Amino acid sequence: TEVQLSIKRFYRST
Amino acid sequence: MLELRLVQGSLLKKVLEAIKELVTDANFDCSATGFSLQAMDSSHVALVALLLRSEGFEHYRCDRNLSMGMNLGNVSKMLRCAGSDDIITIKADDGSDTVTFMFESPNQDKIADFEMKLMDIDSEHLGIPDAEYQAIVRMPSGEFARICKDLSSIGDTVIISVTKEGVKFSTAGDIGTANIVCRQNKTVDKPEEATVIEMQEPVSLTFALRYLNSFTKATPLSETVSISLSSDLPVVVEYKIADMGYVRYYLAPKIEE
């Protein structure tokens, strides 16, 4: 099945 | 004291229409360099980044860095009251908890003031490092909007693949499948009608069409859109705002588990 990734997996909180 | 005067007020109207579907409440940040915003959608799958550089304003006064929390739906309601040829000025006094949008008709015979209370929004700010992308597609924005709209009537995810053939948009659903291939085409009358593909290496990623369709609300801002893809990064969909800045959307991919 397809899993939607979160944007936070790629960009860290500053 | 903040006073930003934008002669082409229609740009601000279009910007709000471009982002209000994706983000409900957000902070507008004002600094000497410009008027910006960065916000994630409620599911933290997409991110929008807006920049309107100070040089693009006829008058730009921002005494100190200011962050103004607003409900974008309410801002949109107020900006819809501005004429498409109106000059729009954003004003806020230091320490005040309201912002004023002033609309002046081109011949100055009508001046409107809309004042709104600001909100406290503790939004999370993400660091977005500059990146090299394996492929960058520049195409007419109307074309991209049409593709996303058409494909979403067939399926809810799209595979975007860039090869030396061109860029392919594929989807599948209960009623069947759809594949749209756009080839590079520079032999067009007007540059904004060209489809240009810069490919360092082939790349293929899967995305939810619902987010791409909300990104295309920015189509009125620019004749062209650029789509930057890399196999280990979110896609970046960018609409430049003439001489001022941009609206950039970032969308995390879907993966096969």
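Only heavy atoms go into these numbers, but all of them, side chains included; no hydrogens, no water, no symmetry mates. The chains referred to below are lettered A, B, ... by the order of the sequence lines, with proteins before strands, and numbering in each begins at 1. Quick caveat: nothing in here was measured; it's all calculated off a predicted structure.
Between B/Lys168 and B/Glu165 there is no salt bridge, since no side-chain N of the basic residue sits under 4.0 Å from a carboxylate O of the acidic one. Here B/Glu238 pairs with B/Arg248 in a salt bridge; the nearest charged N to carboxylate O distance falls below 4.0 Å.
Heavy atoms closer than 4.5 Å to chain A are found in the side chain of B/Glu124, but not in its backbone. Contact annotation for B/Asp41: neither backbone nor side-chain heavy atoms come within less than 4.5 Å of a heavy atom of chain A. Looking at B/Thr157, only its side chain comes within 4.5 Å of chain A, counting heavy atoms on both sides.
Within the 3.5 Å criterion, the main-chain N or O of B/Ala252 finds a donor-acceptor partner in the side chain of A/Gln4.
Between B/Phe57 and B/Phe35, the ring planes lie perpendicular to each other; the angle is over 60°, past the 30° to 60° tilted range.
Top candidate by heavy-atom pairs under 4.5 Å with chain B, chosen from A/Leu5, A/Thr1, A/Thr14, A/Ile7, is A/Ile7.
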